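What follows is a short report on a single structure.
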Amino acid sequence: MRHFLLGVLAAGLFTQPAWADIGRIKSASGNAAIERGGKLLPIRPGFVIETGDTLVTGPRGRAGATFVDNTRLSAGPGTRLTFRVFDYNDTTQSGRFVSVLKKGTVAVMSGRIARNDPQAMRVETPKNIFVLRRARAVLEVK
Amino acid sequence: MRGLVTKHRSVVLLALPLLLAGCAVSRVALGLGEGGEAGSISILDGKTDQEVAIVDKAGAVANVTGGSASVKTLDSAAFEAKYGDLLSGLPQAPRTFILYFKENSVEPTDESAALLSEIFAEIKRRPGADLEITGHTDTVGAADVNDTFSLRRAAEITSYLFAQGLDKTIVRIAGRGERELKEQTPDETPSAINRRVEVIVR
């Protein structure tokens with residue numbers, strides 16, 4: 001029983017990191033949502049993104065977001081993009097940002113994390129890893 | 001019977017990579033950065049972590065799957081036609097306002113106080129806006145003390161902005177200490193230009 005309770009407490013700690021707010025939705029149209037803990041949450045400008053969230057867009061969906069390190073991105077239709085790791089230090093402005101693009105298209109304008117460490121901003125696709133260094137680019141998975 | 005099972009399994013094993021391969025081609029198209037520089041993207045094989053290609057010219061488009069990559073370069077018109085729509089869908093670049101303070105005070109100078117209405121107008125202009133309020137010091141004093149001091153100055157201007165009606169749920173505060181000097185000075189140099197708070201509207 002005690003182990004069970006400890007497990008529940010630990011799970012609570014890991015699913016709610018101290019700095020939950022990693023970025024915000026700035027635009028959304030068509031079918032666009034954030035998948036969090038198995039639930040689809042409707043999004044609109046101002047929606048707060050957390051680590052582990054997946055941005056999902058439908059056949060006509062689009063969504064844009066700006067992160068706390070000034071990284072900006074915009075997802076096209078039919079996209080599935082997970083923000084897997086986001087570590088960021090407000091004082092040094094460095095950290096690590098790893099996203100997983102399973103399918104679809106995303107435009108990215110890199111921010112401070114990429115500027116301060118050329119290895120820190122990564123987008124993983126099913127067979128490759130893209131390491132972004134101060135780039136404005138479109139990534140696509142077919 | 002045993003032969004049938006083995007055969008069935010081998011069909012599954014053959015089909016699996018084909019199914020995965022159907023969703024395995026990635027493409028990257030590198031645009032011109034906002035400062036006019038192209039930047040660069042390194043492409044790694046997801047399995048081995050080895051670099052397969054680097055794209056570092058505006059207009060470069062790479063098609064990759066695992067360890068193989070092909071890179072071509074589009075002229076700016078072709079690039080714009082193909083990717084301009086998505087790139088222009090990016091949220092607006094953040095806008096930075098710089099506030100200066102009266103000597104040894106957390107009260108903004110008259111010029112800076114006049115900026116406040118512009119900050120509020122900018123927030124209204126941006127759907128889902130959020131703010132970063134970052135304090136900076138000059139090089140007088142120890143670096144770690146300045147980290148704390150810059151955060152305090154940011155916190156003080158933040159409570160001042162709250163009193164002016166700023167939404168508390170959209171603010172993040174930070175102290176950069178003496179890391180990001182506006183005016184390059186030697187250590188232990190007083191500078192009114194470096195003692196500042198930046199309000200970044202995203």
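The structure displayed is predicted, hence computed values, not measured ones. Numbers restart at 1 for each chain; the letters A, B, ... are given by sequence-line order, proteins then strands.
Side-chain N or O atoms of A:Arg133 include none that pairs as donor or acceptor with a backbone N or O of B:Gly39 at under 3.5 Å. A donor-acceptor pair under 3.5 Å is formed between the side chain of A:Asn128 and the backbone N or O of B:Leu44. Side chain of B:Ser26 to main chain of A:Val141: no donor-acceptor pair is present (N/O by atom type, distance under 3.5 Å, no hydrogens or angles). Judged purely by atom type and a 3.5 angstrom limit, A:Arg72 uses its side chain to pair as donor or acceptor with the backbone of B:Pro91. No side-chain donor-acceptor contact under 3.5 Å links A:Lys142 to the backbone of B:Ala24.
Of the atoms belonging to A:Thr92, heavy atoms from both backbone and side chain fall under 4.5 Å from chain B. Contact of A:Val68 with chain B is made through backbone and side chain together, with heavy-atom distances under 4.5 Å. Using a 4.5 Å cut-off between heavy atoms, A:Arg24 touches chain B through its side chain atoms alone. Within the 4.5 angstrom heavy-atom criterion, no atom of A:Arg44 approaches chain B. For A:Gln93, the parts sitting under 4.5 Å from any heavy atom of chain B are the backbone and the side chain alike. When heavy atoms are compared at a cutoff of 4.5 Å, A:Ala65 approaches chain B solely by way of its backbone atoms N, CA, C and O.
Taking CG of A:Leu139 as the reference point, atom CD1 of B:Ile41 lies at 6.0 Å (rounded to 0.5 Å). The distance from the CG atom of A:Asp21 to the CZ atom of B:Arg172 is 6.0 Å, given to the nearest 0.5 Å. A distance of 9.5 Å separates OG1 of A:Thr125 from CD1 of B:Ile43, quoted to the nearest 0.5 Å.
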Q: May I have the step-by-step check of side-chain contact (heavy atoms from CB on, under 4.5 Å) for A:Thr105 and B:Leu86, ending in yes or no?
A: CA-CA 8 Å; A:Thr105 357; B:Leu86 254 169; 3.6 Å; yes
(Q) Go through it in stages, so that I can follow the logic: the residues are B:Val28 and A:Val138, the test is side-chain contact (heavy atoms from CB on, under 4.5 Å), and I'd like the CA-CA distance, side-chain angles, deciding distance and then a yes or no. (A) CA-CA 6 Å; B:Val28 62; A:Val138 174; over 6 Å; no
(Q) Is there a side-chain contact (heavy atoms from CB on, under 4.5 Å) between B:Arg126 and A:Lys26? Walk through the geometry before answering. (A) CA-CA 8 Å; B:Arg126 293 173 181 244; A:Lys26 300 295 178 185; over 6 Å; no
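Around CZ of B:Arg179, the count of heavy atoms belonging to other residues, nucleotides or ligands within 6.0 Å exceeds 12.
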